[in-house]
2 protein chains.
Amino acid sequence: MQAIEGPPGLRERKKRRTRDALIRSALELFSLKGYEGTTVDEIAAAADVSQRTFFRYFTNKEEVALSVQDMAESRFLAAVLERPAAESPLTALRTAVLASWDGIEEAIEAVVPLELHVRTYRMIQETPQLLAAHLRRQAELEDRLAAEIARREGLPAQDPRPRILVAAFSGVMRETSKLWADVAGGDMAELRGTTAAYLDQIGPALAENWRS
Amino acid sequence: MQAIEGPPGLRERKKRRTRDALIRSALELFSLKGYEGTTVDEIAAAADVSQRTFFRYFTNKEEVALSVQDMAESRFLAAVLERPAAESPLTALRTAVLASWDGIEEAIEAVVPLELHVRTYRMIQETPQLLAAHLRRQAELEDRLAAEIARREGLPAQDPRPRILVAAFSGVMRETSKLWADVAGGDMAELRGTTAAYLDQIGPALAENWRS
DNA sequence: GAGATTATGTCAGTCGCTGCCACTTGACCA
DNA sequence: TGGTCAAGTGGCAGCGACTGACATAATCTC
């Protein structure tokens with residue numbers, strides 16, 4: 001049972017610390033010896049827990065590598081859900097990404113150094129297994145986004161337009177994220193700029209008003 | 001050394017037979033006991049080879065599950081490369097998919113029963129690991145498509161428009177493929193219809209003429 | 001502080017996958 | 001035609017990811 005949110009007790013705080021320690025150890029080892037070159041045993045040892053415990057916090061090795069990225073995506077989804085229904089779908093998505101980036105650096109730094117996260121992001125793109133897992137999560141996110149947009153616009157589930165829009169939007173996001181990690185070296189201001197510029201390229205092209 | 005294509009000798013024919021047998025055995029077992037419920041040992045045994053040999057034909061268990069799907073994608077890519085440069089990007093993609101579907105049922109039947117392929121496709125969507133691998137391959141395909149379109153249109157590599165277009169196009173393809181497997185039960189005529197209809201939804205919306 | 005919960009460690013075992021080496025089989029040529 | 005070379009195959013040993021079962025230790029609750 002869960003009381004409606006008390007101050008977290010010792011147990012919860014300890015769990016959080018262990019989890020963060022596992023993430024930090026994992027990302028550091030990954031960036032040092034590569035993803036495949038790092039064993040779960042090593043990660044667990046570095047965080048001072050048993051291998052079995054690692055698998056109680058993360059269902060598999062991929063998950064720990066994607067955990068920070070995951071947080072960023074949760075923020076984005078949450079931001080989308082908060083957008084007023086009056087905004088057009090594309091505007092809502094655009095505003096939501098930008099909003100979800102406010103204070104994200106601090107949120108990341110609370111777990112791992114920002115630079116480590118950037119290196120991890122690059123590693124994800126280069127490691128087939130991780131890229132695959134990452135794309136699957138993205139696809140799940142796209143599903144939820146499309147469903148939310150269909151809901152907002154009052155469209156039946158079969159209407160393909162939300163999915164097409166979300167696909168185009170996600171395509172932009174994937175590109176700009178890659179540029180952010182590879183070219184910009186993790187600079188958020190530059191990411192905002194590139195994203196806005198790239199989104200402007202679909203804006204006019206996809207801006208059919210579905211309601212008129 | 002490879003002579004420029006002689007008639008395949010006994011050795012080649014035997015390899016082909018083994019490979020096809022492995023695919024058939026694998027897909028049948030998958031559809032019977034599920035992907036994770038099937039071991040590579042079982043697949044190898046069913047095809048009458050050793051486990052070691054299985055891994056000489058497929059780098060991993062995923063690959064055999066995606067092998068037929070892979071063939072379809074190769075056909076599509078080849079069809080795109082054959083499109084005349086005069087066609088607009090979206091038209092080229094559209095014509096290429098439809099063209100790549102001519103005779104595809106026969107090509108599939110040469111390896112496995114069509115119905116088994118449809119069931120496999122459904123399984124891919126439902127099995128996280130397979131979906132992930134599938135999406136990664138799709139992403140690779142998208143990269144190549146975008147590069148080809150950029151080349152055709154004489155655009156610099158940074159221009160995001162080819163990628164956005166390809167992302168939207170692929171979004172449509174993913175949707176219609178799912179419908180094909182789930183709703184249409186593998187009927188190609190229906191797939192063509194749905195695809196055309198869905199593509200019409202982005203056609204006008206994305207039909208900026210990049211050259212004018 | 002006793003007793004119920006929950007987190008952790010240990011251990012044994014399965015499965016995917018790889019390197020290594022010995023053996024067989026089809027290809028090619030004198 | 002027979003012999004040599006290259007390529008395909010099997011068996012085995014071993015690593016690493018992951019899981020179930022059980023015992024132990026740490027918090028929580030009253």
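Protein chains get the first letters and strands the later ones, always in sequence-line order, with residue 1 at the start of each. Only this structure's heavy atoms are used, side chains among them; waters, hydrogens and symmetry mates stay out.
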- Could you state the CD-P distance from Q129(A) to dA17(D), rounded to the nearest angstrom?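 Distance check: Q129(A) CD to dA17(D) P gives 10 Å.
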- Task: Using whole Å, report how far OH of Y35(B) lies from P of dC15(C).
- Result: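 Checked: the OH to P distance equals 14 Å.
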- Query: So which of residues 49-66 of chain A are in contact with DNA chain C, with a heavy-atom cut-off of under 4.0 Å?
  - Reply: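 Hits under 4.0 Å, by residue number: V49(A), S50(A), R52(A), T53(A), R56(A), Y57(A).
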- Query: Is any side-chain nitrogen or oxygen of K14(A) closer than 4.0 Å to OP1 or OP2 of dA7(C)?
  - Reply: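 Answer is no, no contact under 4.0 Å.
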- Worked check of salt bridge (Lys or Arg N to Asp or Glu O under 4.0 Å) between R16(A) and E12(A): CA-CA 6 Å; R16(A) 164 103 209 193; E12(A) 287 309 312; over 6 Å; no
- Salt-bridged, R75(B) to D102(B), with N to O below 4.0 Å?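 No salt bridge links R75(B) with D102(B).
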- Item | Lys/Arg-Asp/Glu bridge criterion (N-O < 4.0 Å) met for E153(B), R161(B) |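 Salt bridge absent between E153(B) and R161(B).
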- Query: Under the side-chain hydrogen bond (donor to acceptor under 3.5 Å, both in side chains) criterion, do E63(B) and T59(B) qualify, and how do the steps go?
  - Reply: CA-CA 7 Å; E63(B) 206 177 285; T59(B) 63; 2.7 Å; yes
- Within residues 17-32 of chain A: residues closer than 4.0 Å to DNA chain D (heavy atoms):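 Residues of residues 17-32 of chain A that come under 4.0 Å of DNA chain D do not exist, since none gets that close.
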- Task: Can you sort out which residues in residues 36-46 of chain A have a heavy atom within less than 4.0 Å of DNA chain D? Ascending by number, please.
- Result: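 Within this stretch, T38(A), T39(A), V40(A) sit under 4.0 Å of the strand.
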- Item | Expected output: side-chain Q69(B) to main-chain L66(B) donor-acceptor under 3.5 Å |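 Not a single qualifying donor-acceptor pair exists.
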- Message: Determine whether E148(B) and R144(B) satisfy the following criterion, salt bridge (Lys or Arg N to Asp or Glu O under 4.0 Å), listing intermediate values before the conclusion.
- Response: CA-CA 6 Å; E148(B) 167 64 7; R144(B) 270 181 279 178; over 6 Å; no
- Task: Fit a plane to each ring of F58(A) and F54(A), take the angle between them on a 0 to 90° scale, and name the class: parallel (under 30°), tilted (30 to 60°) or perpendicular (over 60°).
- Result: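 Ring orientation of F58(A) relative to F54(A): tilted.
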- Message: Parallel, tilted or perpendicular: which one describes the rings of W180(B) and Y121(B), with boundaries at 30° and 60°?
- Response: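 Because their plane-to-plane angle is over 60°, the rings of W180(B) and Y121(B) count as perpendicular.
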